[in-house]
Amino acid sequence: MVRLPLTPAEVERGQRLGALLRRARGERSMLLTALDAGVSPETLRKIESGRVATPAFSTIAAIADVLGLSLDVVWAEISQPERAAAPARLAS
């Protein structure tokens, strides 16, 4: 199967996702965050750097859970550029 190139909007959304996860991770180790989420540190690094702009839903759900992020908040912050600057809210 041939994978179509990402659109500029998809690339931008991936960059917003990476920035959100970096902010939410804060001082927490990338290695421990990745291991707790059940993903490789390399995968987390690529997502945070925007190199993987469209990660699997299950991957994002696992990372968000470890970081205490609501998936609703993740979607709201990455789907609209004007919301990207808003600080991440932790799930209650």
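One is the number of the first residue; the rest follow in order along the sequence. Below, each value reflects all heavy atoms present in this structure, side chains not excepted, and no hydrogens, waters or symmetry copies.
At least one side-chain heavy atom of Ser40 sits less than 4.5 Å from a side-chain heavy atom of Thr43.
Here the shortest heavy-atom pairing between Leu17 and Ile47 reads CD2-CG2, 4.1 Å.
Remark: Thr7 OG1 to Arg13 CZ distance equals 7.0 Å, nearest 0.5 Å.
In this structure a side-chain-to-backbone donor-acceptor pair under 3.5 Å is present from Ser79 to Trp75. The backbone N or O of Val74 lies less than 3.5 Å from no partner atom in the side chain of Glu77, so there is not a single donor-acceptor pair.
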What side-chain donor-acceptor pairs closer than 3.5 Å can you find for residues 49-63, not counting sequence neighbours?
| unit_1 | atom_1 | unit_2 | atom_2 | d |
| --- | --- | --- | --- | --- |
| Ser49 | OG | Arg45 | O | 3.1 |
| Ser49 | OG | Lys46 | O | 3.1 |

Please table the atom pairs, donor to acceptor, closer than 3.5 Å between any side-chain atom in residues 29-36 and protein atoms at least two apart or in another chain.
| unit_1 | atom_1 | unit_2 | atom_2 | d |
| --- | --- | --- | --- | --- |
| Ser29 | OG | Leu31 | N | 3.1 |
| Ser29 | OG | Leu32 | N | 3.1 |
| Thr33 | OG1 | Arg28 | NE | 2.9 |
| Thr33 | OG1 | Ser29 | O | 2.7 |
| Asp36 | OD2 | Arg28 | NH2 | 2.4 |

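Applying the 4.5 Å side-chain rule to ILVMFWY residues, one finds that Val66 remains a lone member of its cluster.
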